[in-house]
Engineer: 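Let me give you the structure first, and then I'll get to my questions.
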Amino acid sequence: MEHRFAKIDGLEIFYREAGDPSAPTLLLLHGFPTSSIAYRTLIDELAGDFHLVAPDYPGFGHSSAPSVEEWDYTFDHLTDVVDKLVDTLGLTRYAIYVHDYGAPVGFRLALRHPERVTGIITQNGNAYDEGLTPFWDPIRAYWADPTQGEPLRGLLTRDATQWQYTHGVPDPDRVDPSLALHDQALLDRPGNQEVQLKLFLDYGTNPPLYPLWQEYLRTHRPPLLAAWGEGDEIFGPDGARAFTRDLPDAAVHLLDAGHFPLTTRLAESAALIRDFLHGLEER
């Protein structure tokens, strides 16, 4: 695996890359509160067969993290950066893997370039109202009244980060606590809580776009695999099942896992993803 930086709009954007660039490409788009580090083990599993690229968004991982006064943290803007990185790397055909925040980035990217997307893998990457659980109620209140952001700082604490990794997991002892420790160290950087609060607020732009994303699915009919942690209390399993409404042939697998299936169900996830990607080669 290579660890690289690209200069995009004056920012240093970090990305992990592995595999033969002539092989089919999978673009891995991470969620909150983590970064491309979430994919390091999956990349190792798949690099023998595929070309893998996993970027860190601005404000996450090893990428530049300008303050909210210096850079406009919106999902449109995150997508702009990923879009330009993809162009910089010369990627013209790729499958996308989306998790959590990766879904609004990935579906925006797919709407911009539907001809490029060979397939979609979603692991707890939501595109339906059915997937939004009561976890979102205080965040919805923030969308309705942007002065109500202060209580959401509780979602940026070490306990909250560890909970994201362990909730809904039948065997929490399998969750490496170093994952939450790493993520929390980056959340605790000066100014980063304001970055995350800005993105919590802008997440309210995503549910109104769900009908457009669903129309994209019906119109372009990309092959889709949903390998979803069934115990997720952030994006519930109804969000996985809902994909079959617009894509009746979507493959939906509910895994005995929580919000981060790769942490405890790596082998099962990798097998599903590998089979799915090989199936795209046969199309």
Side-chain angles (χ1 to χ4, degrees), residues 1-19 21 25-44 47 51-91 94 96-110 112-113 123 125 155-156 158 161 164-165 178-203 205-206 259-260 262-263:
M1 187 189 310
E2 304 293 334
H3 305 85
R4 298 187 166 117
F5 288 89
K7 182 76 77 172
I8 306 293
D9 290 345
L11 302 178
E12 293 288 336
I13 300 301
F14 174 83
Y15 63 99
R16 300 168 195 267
E17 185 172 17
T25 296
L26 178 63
L27 180 64
L28 298 129
L29 300 172
H30 71 79
F32 166 86
T34 188
S35 62
S36 64
I37 197 171
Y39 297 131
R40 73 206 184 287
T41 52
L42 180 64
I43 290 172
D44 288 341
H51 176 224
L52 302 119
V53 176
D56 290 347
Y57 313 136
F60 292 82
H62 296 287
S63 289
S64 296
S67 70
V68 294
E69 290 78 24
E70 298 170 304
W71 204 76
D72 188 19
Y73 285 90
T74 68
F75 285 91
D76 282 341
H77 212 181
L78 297 183
T79 306
D80 290 342
V81 169
V82 173
D83 196 0
K84 291 176 182 179
L85 175 66
V86 165
D87 285 344
T88 297
L89 299 180
L91 305 180
Y94 45 81
I96 58 174
Y97 173 118
V98 300
H99 174 261
D100 192 90
Y101 279 8
V105 173
F107 279 104
R108 280 173 168 80
L109 195 64
R112 295 182 186 187
H113 307 291
Q123 279 208 300
L155 298 177
L156 304 173
R158 173 65 191 277
T161 301
Q164 287 211 50
Y165 280 97
S178 300
L179 298 169
L181 184 64
H182 173 273
D183 292 349
Q184 193 62 43
L186 296 178
L187 289 176
D188 288 343
R189 290 176 293 177
N192 198 260
Q193 287 203 359
E194 283 63 39
V195 168
Q196 304 307 329
L197 289 173
K198 182 69 164 60
L199 288 170
F200 285 168
L201 183 61
D202 194 68
Y203 200 95
T205 65
N206 295 323
H259 186 61
F260 286 99
L262 294 179
T263 61

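Throughout, numbering of the chain's residues begins at 1 and tracks the sequence. The basis for the numbers below is simple: all heavy atoms, side chains too, and nothing from hydrogens, waters or symmetry mates.
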Engineer: Just so I know, are the side chains of P66 and L11 near enough to count as touching, which here means a heavy-atom distance under 4.5 Å?
Structural biologist: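 Side-chain contact under 4.5 Å: yes.
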Engineer: Can you tell me how far CD1 of I43 sits from CG of L262, rounded to the nearest 0.5 angstrom?
Structural biologist: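 Nearest 0.5 Å value for the CG-CD1 distance: 10.0 Å.
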Engineer: Out of curiosity, L156 CG to N192 CG, how far, rounded to the nearest 0.5 Å?
Structural biologist: 8.0 Å
Engineer: For the backbone of D72 and the side chain of H77, can you confirm whether one donor and one acceptor N or O come within less than 3.5 Å of each other?
Structural biologist: yes
Engineer: Please lay out, stage by stage, how W71 and V81 fare under the test side-chain contact (heavy atoms from CB on, under 4.5 Å).
Structural biologist: CA-CA 12 Å; W71 204 76; V81 169; 3.7 Å; yes
Engineer: So do the side chains of L27 and L109 get within less than 4.5 Å of each other, counting heavy atoms only?
Structural biologist: yes
Engineer: Which heavy atom of S36 sits nearest to which heavy atom of P55, and what is that distance?
Structural biologist: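 Result for this residue pair: CB-O, 3.8 Å.
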Engineer: To the nearest 0.5 Å, what is the distance between CG on D202 and CG on L197?
Structural biologist: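 If we round to the nearest 0.5 Å, D202:CG and L197:CG are 12.5 Å apart.
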Engineer: Of all heavy-atom pairs between Y39 and H30, which one has the smallest distance, and what is that distance?
Structural biologist: OH-CA, 3.5 Å
Engineer: OG of S63 to CZ of F5: how many Å apart, nearest 0.5 Å?
Structural biologist: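 Result: 7.0 Å between the selected atoms.
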Engineer: Which atoms form the tightest heavy-atom contact between R40 and M1, and what is the distance?
Structural biologist: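 Looking at all heavy atoms of both residues, the closest pair is O-CE, 3.6 Å.
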Engineer: Can you list the steps and then say if V86 with H113 is a side-chain contact (heavy atoms from CB on, under 4.5 Å)?
Structural biologist: CA-CA 11 Å; V86 165; H113 307 291; over 6 Å; no
Engineer: Might you work through the side-chain contact (heavy atoms from CB on, under 4.5 Å) test for Y94 and L89, ending with a clear yes or no?
Structural biologist: CA-CA 12 Å; Y94 45 81; L89 299 180; over 6 Å; no
Engineer: Could you report the tightest heavy-atom contact between V68 and K198, atom names first, then the distance?
Structural biologist: CG1-CB, 4.3 Å
Engineer: State whether the side chain of H99 and the backbone N or O of L28 hold a donor-acceptor pair below 3.5 Å, judged by distance alone.
Structural biologist: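 A pair under 3.5 Å: no.
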Engineer: Does the S64 side chain pair with the main chain of P58, one donor and one acceptor, at a distance under 3.5 Å?
Structural biologist: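 Not at all, since once roles are kept as given, no pair shorter than 3.5 Å links the two residues.
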Engineer: Quick check: does any side chain N or O of R108 sit under 3.5 Å from a backbone N or O of V105, one acting as donor and the other as acceptor?
Structural biologist: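 No; judged by distance alone, with no hydrogens or angles, the pair does not exist.
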Engineer: Which atoms form the tightest heavy-atom contact between S67 and Y73, and what is the distance?
Structural biologist: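 Answer, listing the atom of S67 first, then Y73: O-CE1, 3.9 Å.
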Engineer: To the nearest 0.5 Å, what is the distance between CG (L179) and OG1 (T263)?
Structural biologist: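 One gets 7.0 Å once the value is rounded to the nearest 0.5 Å.
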Engineer: Do the non-hydrogen side-chain atoms of L199 and F60 ever get within less than 4.5 Å of each other?
Structural biologist: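 Touching, per the 4.5 Å side-chain cut-off.
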Engineer: R4: what forms a side-chain hydrogen bond (donor to acceptor under 3.5 Å, both in side chains) with it, not counting sequence neighbours?
Structural biologist: E17
Engineer: Do V82 and L78 pass the side-chain contact (heavy atoms from CB on, under 4.5 Å) test, and can you show the C-alpha distance, the side-chain angles, and the key distance before you say yes or no?
Structural biologist: CA-CA 6 Å; V82 173; L78 297 183; 5.7 Å; no
Engineer: Report yes if the distance between the aromatic ring centroids of F75 and Y101 is under 6.0 Å, otherwise no.
Structural biologist: yes
Engineer: Below 4.0 angstrom, N of the basic side chain to O of the carboxylate: do K7 and E12 qualify?
Structural biologist: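 Counted as a salt bridge, because a side-chain N and a carboxylate O are separated by less than 4.0 Å.
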Engineer: Looking only at heavy atoms, which two atoms of L29 and G106 are closest? And how far apart?
Structural biologist: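 Minimum heavy-atom contact is CD1-CA, 3.6 Å.
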Engineer: Looking at side-chain heavy atoms only, is the closest gap between K84 and I13 below 4.5 Å?
Structural biologist: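 With C-beta onward as the side chain, the pair stays apart.
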Engineer: To the nearest 0.5 Å, tell me how far D80 CG sits from L85 CG.
Structural biologist: 12.5 Å
Engineer: Is there any side chain to side chain donor-acceptor pair (under 3.5 Å) pair reaching into residues 180-189, and which pairs are they, with sequence neighbours excluded?
Structural biologist: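 For residues 180-189, and leaving out neighbouring residues, the side chain to side chain donor-acceptor pair (under 3.5 Å) pairs sorted by first residue read T34-D183, T161-Q184, Y165-D183, Q184-D188.
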Engineer: Quickly, which of F200, Y203, Y57 forms a side chain to side chain contact (heavy atoms under 4.5 Å, CB included) with F32? Name it, please.
Structural biologist: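 Single side chain to side chain contact (heavy atoms under 4.5 Å, CB included) partner of F32 among F200, Y203, Y57: F200.
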Engineer: With heavy-atom distances below 4.5 Å as the criterion, would you say the side chains of H62 and I37 are in contact?
Structural biologist: no
Engineer: Indicate yes or no for a side-chain donor-acceptor contact from D56 to the backbone of S35 under 3.5 Å, with no hydrogens or angles considered.
Structural biologist: no
